[in-house]
Amino acid sequence: MSKYSVVFMPDAQTIALIKQMKLNLAEKIGWYNSKNALAHFTIFEFLAEEINETDFCLQLERIASEIKPFNIQCADFDSYENGAFYIKPDEKSTEQMSLLMKQILNESNRIKKSITNTTPHLSIARRLTSEKLEIAQQLFTKIDLNFNVTHLTLRKFDEKAKQFAIYKEFTLLGNPKPIQGSLFNK
């Protein structure tokens, strides 16, 4: 069984910027969870046999083909009680991405999910102690990100690296959804 993750990822420039932020935080507090993860918005995780990859990849490709590329604006940091420190999309971006996440979760109904998420956030760090969280909040106070999301990304867990790695990307094409029964409407 392999572990997979379906995510939206920002553009390469934003990924590089967040990677540098994570390195800056590591200089202050040492190693922490999420330090080496590339910037992403988790939609869901699942376990599956590799033999079934073709099936779920075709499903993800179809879903992606019916989503239009979209823009995300982030202008704030926030944290969760569990010690996660993250970049928060603005209200309009949160609403838009949350709807898309719910759509993907509903339409990927043949994939048995182990973790699901409909609250978009770009994690900087996870499971920080209150002291380390305070350092992160002092280090990062202002952010202004604006980027396009153009793919639905499938990541696969790399056992050696103990990290998810990009496995396949499905281009967001914005094609209209096929209407059932349209073959018979002439």
Side-chain angles (χ1 to χ4, degrees), residues 3-45 64 67-105 113-158 160-167 169-170 172:
K3 187 175 182 180
Y4 299 91
S5 171
V6 176
V7 304
F8 285 129
M9 295 183 76
D11 60 19
Q13 182 180 346
T14 303
I15 289 171
L17 174 72
I18 293 172
K19 184 176 185 171
Q20 187 57 54
M21 292 171 68
K22 290 180 176 212
L23 292 173
N24 292 347
L25 181 59
E27 286 178 16
K28 301 282 186 196
I29 66 171
W31 185 89
Y32 57 87
N33 287 40
S34 243
K35 175 185 173 278
N36 297 319
L38 295 179
H40 66 279
F41 295 93
T42 299
I43 303 166
F44 67 91
E45 292 181 11
I67 297 173
K68 290 180 183 170
F70 58 95
N71 183 268
I72 293 294
Q73 178 73 40
C74 300
D76 209 358
F77 292 100
D78 207 345
S79 62
Y80 291 122
E81 285 184 22
N82 65 4
F85 181 71
Y86 62 93
I87 299 169
K88 182 178 176 178
D90 69 12
E91 193 174 326
K92 180 181 175 197
S93 296
T94 294
E95 185 177 314
Q96 176 184 24
M97 192 181 297
S98 183
L99 287 172
L100 289 171
M101 292 168 133
K102 288 174 186 172
Q103 174 187 334
I104 292 165
L105 288 168
K113 298 150 189 81
S114 55
I115 294 172
T116 62
N117 177 51
T118 58
T119 307
H121 60 281
L122 284 171
S123 293
I124 301 294
R126 294 183 299 119
R127 298 188 200 127
L128 294 180
T129 63
S130 55
E131 294 82 17
K132 289 181 177 182
L133 182 57
E134 192 173 319
I135 291 169
Q137 290 167 331
Q138 290 170 358
L139 186 61
F140 303 113
T141 57
K142 290 188 184 327
I143 187 94
D144 185 15
L145 296 177
N146 188 342
F147 55 87
N148 288 319
V149 176
T150 59
H151 292 83
L152 183 63
T153 302
L154 176 66
R155 303 181 314 156
K156 190 173 184 177
F157 194 75
D158 181 333
K160 288 182 207 150
K162 300 290 182 208
Q163 189 74 38
F164 280 106
I166 295 173
Y167 188 59
E169 292 185 309
F170 306 97
L172 303 182

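Between Arg155 atom CZ and Ile166 atom CD1 the span is 8.0 Å, to the nearest 0.5 Å. Atom-to-atom distance recorded for Leu38:CG and Ile15:CD1 is 6.0 Å, nearest 0.5 angstrom. Expressed to the nearest 0.5 Å, how far OG of Ser93 lies from CG of Asn71 amounts to 6.5 Å. In this structure, Ile67 CD1 and Leu99 CG are separated by 11.0 Å, a value rounded to the nearest 0.5 Å. Atom CG of residue Asn33 and atom CZ of residue Arg127 lie 4.5 Å apart, to the nearest 0.5 angstrom. A distance of 12.5 Å separates OG1 of Thr116 from CD1 of Ile104, quoted to the nearest 0.5 Å.
Heavy atoms only, all atoms of each residue included: Asn117 and Met101 are closest at ND2-CE, 3.7 Å. When all heavy atoms of Ile143 and Leu145 are compared, the pair lying nearest together is CG1-CG, 3.7 Å. Taking every heavy atom of both residues into account, Ser34 and Arg126 meet most closely at OG-NE, 3.3 Å. Pairing each heavy atom of Ile124 with each of Met21, the nearest pair is CD1-CE, 4.0 Å. Of all heavy-atom pairs spanning Ser79 and Gln137, the tightest one is OG-NE2, 3.5 Å. Of all heavy-atom pairs spanning Ser5 and Val7, the tightest one is OG-CG1, 3.3 Å.
Thr94 places a side-chain N or O within 3.5 Å of a backbone atom of Asp90 that can act as its donor or acceptor partner.
Residues passing the side chain to side chain donor-acceptor pair (under 3.5 Å) test with Lys102, sequence neighbours excluded: none. Looking at residues two or more places apart in sequence or on another chain, you find a side chain to side chain donor-acceptor pair (under 3.5 Å) between Asp144 and Gln73. Considering only residues two or more places apart in sequence or on other chains, His40 meets the ring-ring contact (aromatic ring centres under 6.0 Å, His included) condition with none of them. Under the side-chain contact (heavy atoms from CB on, under 4.5 Å) criterion, Lys160 pairs with Asp158, sequence neighbours left out. Applying the side chain to side chain donor-acceptor pair (under 3.5 Å) test to Thr150 and every residue at least two apart in sequence or in another chain returns nothing. Lys156 pairs by the side chain to side chain donor-acceptor pair (under 3.5 Å) definition with Glu50, Glu53, not counting sequence neighbours.
Sorted by first and then second residue, the pairs that involve residues 3-14 and meet salt bridge (Lys or Arg N to Asp or Glu O under 4.0 Å), not counting sequence neighbours, are Lys3-Glu45. The list of ring-ring contact (aromatic ring centres under 6.0 Å, His included) pairs with a residue in residues 74-101, not counting sequence neighbours, reads Phe77-Phe85, Phe77-Phe140, Tyr80-Tyr86, Tyr80-His121, Tyr86-His121. For residues 6-39, every residue pair satisfying the ring-ring contact (aromatic ring centres under 6.0 Å, His included) rule, not counting sequence neighbours, is listed here: Phe8-Phe70. For the salt bridge (Lys or Arg N to Asp or Glu O under 4.0 Å) condition, the pairs that include at least one residue of residues 69-88, sequence neighbours left out, are Asp78-Lys88.
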Pair Ile115, Phe44 - check side chain to side chain contact (heavy atoms under 4.5 Å, CB included), show working. CA-CA 5 Å; Ile115 294 172; Phe44 67 91; over 6 Å; no
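Taking a 6.0 Å sphere around CD of Glu95, one finds it holds 12 or fewer heavy atoms contributed by other residues, nucleotides or ligands. Within a 6.0 Å radius of NZ in Lys132, more than 12 heavy atoms belonging to other residues, nucleotides or ligands are found.
Considering only heavy atoms from C-beta on, Val149 comes within 4.5 Å of Phe147 through its side chain. Using a 4.5 Å cut-off on side-chain heavy atoms (C-beta onward), Glu169 and Leu152 make no contact.
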Side-chain donor-acceptor pairs of residues 23-30 under 3.5 Å, sequence neighbours excluded:
residue, atom, partner, partner atom, Å
Asn24, OD1, Gln20, NE2, 2.9

